[in-house]
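The next block holds one structure in the form of structure tokens; read it before the comments.
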Amino acid sequence: MNKINMPVLAFNTIDIGFRNQLMGAVNALNKFSKNKTVPEKCFLNPLGISNINDMKKSFCFSNFSSYRAFRNEVFLMLDAYIKGNNIIPKVFVCAYNMTESLTPDKNIDMICKAVKEYYKKNNLGKIFTTVLTSRLHNYQYVDLINVPKHMLTHRSRIRLLNNKKLRKKTLITVGIIHKFSLKLLKDKRTELEKIIEEFNKHKAYKTQLNKIKKFIKSDKKIVICLGGRVDGNEIIFDTSYAKKLLDRCKSLIHNKYSIAIVNGPRTPNDVSDFLYEQTLEMDNILFHNCKYVATNVNEEKSWRIYSGKNKEAFKNHIDIGNIYPGILGYDNTLVVHTTDSYSCCETPTIGIPTAISSDGIYIDKNIRIDCINIRELLIPKYVLSFEDFVQLATYMKIEPKHLNPTRLSNTLNVFVEAVTNRLIKK
């Protein structure tokens with residue numbers, strides 16, 4: 001396929017998981033096309049925001065009183081971006097964030113509408129709009145809808161079969177678009193080792209760094225990446241689950257495994273506190289906080305920002321940084337994702353042995369059938385059940401290096417081809 005010039009612009013988000021999806025799409029489109037813009041400069045930020053760490057809440061249509069007010073803000077954002085970068089993007093990418101409001105489809109359609117209207121008003125030509133990891137919606141202003149297979153319900157499958165126009169602009173993938181690659185993990189591993197060397201001189205970080213170093217040196221490793229709650233009651237992720245998880249971790253350390261547990265923005269504070277405090281004196285279980293720590297009263301009101309009783313200790317963790325991608329770059333490592341998270345699609349794509357932990361997490365299948373679907377889609381062909389792996393490791397002495405999982409298909413290649421084909425046809 002001939003390369004075409006398609007500068008890309010992604011609509012930024014505070015959510016790490018969704019931003020990773022956007023970064024994956026940006027990197028893949030840039031690599032394929034003639035566009036050599038630095039990936040970080042391909043993101044559209046709210047006014048006054050230059051760094052993702054400065055964003056404290058989502059910028060979305062549902063937070064505005066009217067479409068007109070929202071559009072005016074988007075126009076100002078685009079003015080600043082185009083003047084500041086001297087680029088006129090041809091592809092606009094959004095990530096479907098069902099956790100930021102009750103109307104994620106409306107949020108996507110309205111940002112795409114505003115962008116298209118801006119291009120029309122300023123005679124900039126056409127802009128191709130696409131949304132990643134979306135449920136099937138009849139968007140009016142999205143040109144390409146990426147719907148992972150696990151997000152299709154029985155009703156949406158029937159709707160897709162009966163709607164030719166919707167079917168033509170829908171891209172079904174097995175798994176999600178993401179930025180993970182073996183090169184990324186290698187780079188993150190090198191970065192982590194440099195950070196350990198740098199911070200090793202400071203006493204405040206000594207305890208945590210010693211546990212990280214011991215984990216790295218171990219022969220058999222488990223990395224557990226925690227998801228968490230959402231705004232509603234459709235996912236219950238509490239300390240009862242954390243206790244079950246810890247019991248399984250204890251079984252593994254009896255079999256000479258070392259375990260690292262990392263949290264995320266959706267991990268409840270009480271779960272983070274429980275696992276940190278329970279593992280503090282355990283040599284072979286490390287808990288590392290990757291959740292932003294509240295610095296003022298307003299930030300403490302957001303459950304996505306950590307405001308528990310271990311703030312001072314967790315600030316040191318934040319200084320060290322997110323160790324998750326770095327510690328995946330070592331041999332004989334199994335990564336475990338919780339069943340509420342789409343991250344379980346990332347690691348099997350690049351061949352890292354992966355498991356899904358679900359025992360103790362409540363998922364309302366009437367609302368979040370996607371979480372049930374993803375588990376059934378991936379197990380046992382691409383990933384294991386974590387509960388099954390514990391049994392295998394305990395009674396049959398199975399290690400991550402003994403596993404030979406089938407890799408998920410490369411969704412990025414499929415996505416780039418779909419975008420390119422549609423741009424050529426236009």
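Worth knowing before you read on, the calculation uses all heavy atoms, side chains too, and leaves out hydrogens, waters and symmetry mates.
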Please tell me whether Asn255 and Tyr395 have a donor and an acceptor in their side chains that are separated by less than 3.5 angstrom.
no

Restricting to salt bridge (Lys or Arg N to Asp or Glu O under 4.0 Å), what partner residues turn up for Arg375, sequence neighbours left out?
none

Criterion side chain to side chain contact (heavy atoms under 4.5 Å, CB included) against Cys249, the qualifying member of Ile224, Val390, Ile222
Ile224

Does the side chain to side chain donor-acceptor pair (under 3.5 Å) test come out yes or no for Ser357 and Tyr241, once each step is laid out?
CA-CA 10 Å; Ser357 171; Tyr241 164 70; 2.7 Å; yes

Under-4.0 Å salt bridge between Asp319 and Lys315
no

For the residue pair Phe11 and Phe92, categorise the inter-ring angle as parallel (less than 30°), tilted (30 to 60°) or perpendicular (more than 60°).
tilted

So, do Arg167 and Asn163 sit near enough that their side-chain heavy atoms are less than 4.5 Å apart?
no

Glu197/Lys194 ion pair, N-O < 4.0 Å
no

Determine which pairs satisfy side chain to side chain donor-acceptor pair (under 3.5 Å) with at least one residue from residues 401-416, sequence neighbours left out, and list them in order.
none

Less than 4.5 Å apart, any side-chain heavy atom of Asp364 and any of Asn233?
no

For Ile374 and Cys345, what are the C-alpha separation, side-chain angles and deciding distance, and is it a side-chain contact (heavy atoms from CB on, under 4.5 Å)?
CA-CA 8 Å; Ile374 201 169; Cys345 292; 3.4 Å; yes

Can you list the steps and then say if His178 with Tyr342 is a ring-ring contact (aromatic ring centres under 6.0 Å, His included)?
CA-CA 10 Å; His178 56 82; Tyr342 293 168; over 10 Å; no

Going through the distances and angles, do Thr13 and Asp15 end up as a side chain to side chain donor-acceptor pair (under 3.5 Å)?
CA-CA 5 Å; Thr13 173; Asp15 190 289; 5.8 Å; no

Quick check: do Asn316 and Ile320 have side-chain heavy atoms less than 4.5 Å from each other?
no

When you compare the side chain of Phe128 with that of Val8, does any pair of heavy atoms fall below 4.5 Å?
no

I want to check something: taking the side chain as every heavy atom from C-beta on, are Val383 and Cys344 in contact at a cut-off of under 4.5 Å?
no

Those residues that, when tested against Tyr276, pass ring pair (Phe, Tyr, Trp, His ring centres under 6.0 Å) (two or more places apart):
Phe314, His317

Please test Ile261 against Ile285 for side-chain contact (heavy atoms from CB on, under 4.5 Å), starting from the C-alpha separation and ending with a verdict.
CA-CA 8 Å; Ile261 305 172; Ile285 304 182; 4.0 Å; yes

The side chain to side chain contact (heavy atoms under 4.5 Å, CB included) partner of Leu226 among Val262, Thr338, Val336 is Thr338

Side chains of Asp370 and Arg135: does their closest heavy-atom pair fall under 4.5 Å?
yes

Contact check, side chains of Phe61 and Val74, non-hydrogen atoms, under 4.5 Å
no

Under a 4.5 Å cut-off applied to non-hydrogen side-chain atoms, are Leu160 and Ile172 in contact?
yes

